[in-house]
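A quick write-up on the structure given underneath.
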Amino acid sequence: MKRRKIEIKLSQQQQQQTSQIEKQPETAKVPFTGNITIDLDQVRKELGHNSDVGFREFFLGNTGIRASIIFLYGLTDKELINKYILKSLMTNFPERHEHREVSLKEFITNQALTISDLTEVNNLYDTVSKILTGNTALLVDGIQEVIILGTTKEKARNIEEPVSEALVRGPRIGFTETLSDNTAILRQHGCNHNLSIIQIQVGARSKKELVIAFINDIADPALVDEVKERIKTINIDDLPESGYVEQLIEDNYLSPFPQVQNTERPDRVFSALMEGKIAILLDGSPFALIVPVTFSMLLQSPEDYYERWIPGSLIRLLRFLAAILSLFAPSMYIAFISFHPGLIPTKLALSIISSREGVPFPALIEALIMEISIEILREAGLRLPKPIGPAMGIVGGLIIGEAAVQAGIISPIMVIVVSITAISSFAIPQYSAGITLRILRFVAMFCAAVFGLYGIILFFLLLCSHLVKLKSFGVPYVSPAVPYRISDWKDFILRMPLFMMKRRPKMLHTRDSNRKG
Amino acid sequence: MKVSHKDRITTPQAVIVLINYILAAGILTLPRTSVEKVKTPDVWLSVIIGGLIAIIAGVIMVKLSQQFPGKTIYQYSQVLLGKWLGGLLSLLIVGHFFTLAAYEVRALAEVTGFFLLEGTPIWAIIMPFMWVGLYLVFDGINPIARLFEIIFPITVVIFLLVTFMGFEIFEIDNVRPVLGLGLIPVLKGIKTTVLAFLGPEIMLLLTAFMQKPNKATKVILVGIAIPMIFYIITVIMVIGALSIDGVVLRTWPTLDLIRSFEIQGLIFERFESLLLVIWIMQIFSTFTITYYAASLGLSQIFKMKMNPFMYGLLFIIYVIALIPKNINDLFKFGDLIGNAALVLFGVLPLLLLLISKVKGGKT
């Protein structure tokens, strides 16, 4: 049933897409005439009202042949246009080309213009879309085709260290908003002729370039096809950020868990590619997407591999502990305080209970007050200008916490639990995974408030039931934990020495399973 | 209607499913029920013999299932016995599975109500538990097997940790003498211990789901041997700590063992909460696999989709779970299930195997 619905949806989408193409003005696909006056008028009608479009008319040398270039101010490289287009066409153009054996067009493209990126189009629609992406269109009287010259000057920021994924050790390089820069970084990072970079255009209204990167002789072809298929079904007028792509291709939109990994780090992307995964990069977004993803990958950091294996493994263990703490600490507190004080050591129970004396709220309300206020603090600190952020933390965390305890509204133990939880959740290397744990923490707290320890166990079972069902692009989300594959466990909770990791993860069904030659 | 390729499970997964199915309510009560019959500390011998008998029964069931690759008992019983008789047998097996599910759920409610949630009504404990189970079984055997794989290591680690901490109060004299009264008492306990190994019958369906059905015998051997080790450790530790006289007096002797020692200086001084955590998980696994087996049976007998049966069974299991009036009723109910299972899975598979051999010989 479900599948049939999806099929129907898909066919509807296809119909919509075709109808959108039909909706374009019918004149758009009409080829140019070759008469520069008529052709220029056509382009003017389409673009002339924009102040940032430049029309420059001139004669080819002394031949008296009219020509014109059309370009966007700002997006094009003026120096390139002046030096290598206008100069070579206006001053360096030979007087009589008729003596030559080649046609005018061939002469211009093959001899006159010293520019590497050169294509030809022959209709208005393509011309306009090329101009709008920063190319320069050259119209010459008597030539039917329009010559498109690649003069795009990308407005790029410099390559900087990624902000959201800081490392102590590792390359200080992050993706930028420019797709060509990003693919160049990937190429540079791994000089590998099997690295495939395939471009797909997405977005119905504003066309965006999207790139799928994978290693040809490692990645599972079925997986590559699956990713391509899903990207083709994207039907939306604009994709401002790769987060849109992520949400449109994920497996289960109801799940709190991220099923696509995002990263700013090229080294992370590249090592994922070497494992047989697939990266998706979108023009305009510094975040690359990696599929498929499993839960354990969200708790891994590239640094695990750059450090020696003992610290790498131990830190990874620490992170698993942090994840468990940030998920269960407040709910454990609620369960043991309000349901089973008998299960904790008597002295500890006594000291907790005496410190809670005078607190007017039940444990759940107490925990909720603190957890919600710390979430607000965190969100507020995120949006504030950088110099004010830390001050906010101090005011919020220290002063309010202290005052709340002094006022007897909150018990000191609760403040400790909340702080441990917050700090633990900062230790999760992936922001999106951290958010998931934050959401689930509240669910766990409510379960604990209703059923105590039993509620937490039920919550755990429900969570596991959900996780074992979840798949990311055909790979079970809980792998490599289950199904049991001993060889994949070398890189799971522990990070074994590099010489022992001879094989790529089996769960990804790679074409070449050997990591070592 | 053969099992689709996507639903296959690996051999280790089959082992884990079997182990998780066997380990359930029994681990808390076995020391008492067996000591009541044996009345000497030689219970662990009964456990071993019981396990061996379970292995034999399991191997017979596997051999039977291997005659019909890719088919479950619900499907091939109709081939063997004809539509009506086979259907009846399948219905009996379905009945076994869902009454067992109800028994486990009720046992959970009793223990949880007694140790963790005093005064909470039984329905309130049962209902959310069953809903979580429903959510899990919706997507077939594969997620179930994967969940069991998550639960199993947690169970092993916590179980070993908790029981071996009981060494503090372990007294070797309590488990001696070995065979002081001869073999007769040991034999008396066998029926009880065999019932603790209730579970190999799942192989009647599980073999059809295995990627390599020819390894099903191995699954039986490993899948029963590991629970046997669990049971032996439990029985010896409990009797060693509480003595046979003490064991008989307690409803949940294993839990009392954990409650009767305290270790200073750790975050927890008492560990019954940890044992309860893994025990609830084990009940959950037994509940979900029996629930799934019953739903699968109904859907295959009536050749319909599984989901409506799941909802229906949820209600039936709930009602059955509420029938026993008190804990003694519950244990009687458990004995009833056990006796029925002895006939259903001890005798019948052998008969079926003979029939299939005779029929197979003819053609």
Side-chain angles (χ1 to χ4, degrees), chain A residues 1-2 252 254 294-296 324 328-329 332 335-336 338-349 352 446-471 474-486 489 492-493 506-507, chain B residues 9-13 15-16 108-109 111-113 115-118 120 124-125 128-129 131-140 142-154 259 262-274 276-281 283-285 287-288 305:
Chain A
M1 270 303 275
K2 232 182 218 171
N252 184 349
L254 287 172
T294 65
F295 183 70
S296 70
I324 293 170
F328 287 117
M332 286 290 194
F336 282 115
S338 22
F339 286 87
H340 329 288
L343 294 181
I344 44 180
T346 326
K347 275 183 193 167
L348 182 63
I352 292 177
F446 283 110
C447 290
V450 179
F451 284 119
L453 192 60
Y454 179 64
I456 297 178
I457 299 170
L458 279 189
F459 169 73
F460 177 76
L461 287 172
L462 183 65
L463 190 67
C464 288
S465 302
H466 174 68
L467 277 173
V468 295
K469 287 180 175 191
L470 198 58
K471 280 189 174 187
V475 175
Y477 202 65
V478 275
S479 39
V482 298
Y484 295 163
R485 280 199 198 98
I486 306 292
W489 284 359
F492 170 38
I493 294 178
K506 269 187 194 162
M507 57 190 175
Chain B
I9 57 172
T10 63
T11 313
Q13 278 182 327
V15 173
I16 301 288
L108 165 99
V111 172
T112 312
F115 289 101
L116 289 177
L117 295 169
E118 271 168 66
T120 309
I125 296 175
F129 185 84
W131 288 334
V132 177
L134 176 71
Y135 175 69
L136 176 67
V137 298
F138 254 150
D139 284 356
N142 233 315
I144 297 177
R146 274 189 232 135
L147 181 82
F148 287 11
E149 278 182 303
I150 296 179
I151 290 176
F152 180 66
I154 303 176
R259 280 157 71 91
E262 288 192 354
I263 290 179
Q264 302 288 328
L266 287 174
I267 300 176
F268 298 101
E269 284 180 350
R270 286 163 52 188
F271 295 89
E272 79 247 36
S273 56
L274 283 178
L276 278 175
V277 167
I278 59 166
W279 185 77
I280 291 173
M281 287 181 188
I283 292 279
F284 182 75
S285 57
F287 166 70
T288 44
K305 279 197 169 180

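Convention: sequence-line order gives letters A, B, ...; per-chain numbering from 1.
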- Message: Quick one, A/F339 with B/L116, criterion side-chain contact (heavy atoms from CB on, under 4.5 Å). Give me CA distance, side-chain angles, the key distance, then yes/no.
- Response: CA-CA 8 Å; A/F339 286 87; B/L116 289 177; over 6 Å; no
- Task: Measure the shortest side-chain to side-chain distance between A/P476 and B/R146 over non-hydrogen atoms and say whether it is less than 4.5 angstrom.
- Result: yes
- Item | Closest heavy-atom pair and its distance - A/Y484, B/P153 | OH-CD, 3.4 Å
- Under 4.5 Å to a heavy atom of chain A? For B/I278 that would be neither
- Query: Tell me, side chain or backbone of B/I151 under 4.5 Å from chain A's heavy atoms, or both, or neither?
  - Reply: side chain
- Note on the structure: Shortest non-hydrogen pair, B/Q13 vs A/P483, comes out as NE2-CB, 3.6 Å
- Whatever's closer than 4.5 Å to a heavy atom in chain A on B/E272 counts as side chain
- Query: Could you give the distance from OG (A/S465) to CZ (B/F284), rounded to the nearest 0.5 Å?
  - Reply: 4.0 Å
- Toward chain A, the part of B/I9 with a non-hydrogen atom under 4.5 Å: neither
- Message: Under 4.5 Å from any heavy atom of chain B, what part of A/L462 do you find: side chain, backbone, both or neither?
- Response: both
- Task: Enter the distance from B/N142:CG to A/K471:NZ here, rounded to the nearest 0.5 Å.
- Result: 6.5 Å
- Between B/A124 and A/F451 the two heavy atoms that sit nearest each other are O-CZ, 3.2 Å
- Does any non-hydrogen side-chain atom of B/I150 lie less than 4.5 Å from one of A/V478? yes
- Determine yes or no for a side-chain-to-main-chain donor-acceptor pair under 3.5 angstrom, with A/Y454 supplying the side chain and B/L117 the backbone. no
- Give the C-alpha distance, both sets of side-chain angles, the deciding distance and a yes or no for side-chain contact (heavy atoms from CB on, under 4.5 Å) between A/L453 and B/F115. CA-CA 11 Å; A/L453 192 60; B/F115 289 101; over 6 Å; no
- Task: Name the member of A/V468, A/V450, A/L470 that forms the most heavy-atom pairs with chain B at distances under 4.5 Å.
- Result: A/V468
- Note on the structure: Heavy-atom nearest pair, B/F138 first then A/K469, reads CB-NZ, 3.8 Å
- Message: Which residue in the set B/I280, B/I154, B/V277, B/V132 passes side-chain contact (heavy atoms from CB on, under 4.5 Å) when paired with A/F460?
- Response: B/I154
- Query: Measuring from A/I457:CD1 to B/L108:CG, what's the distance to the nearest 0.5 Å?
  - Reply: 9.0 Å
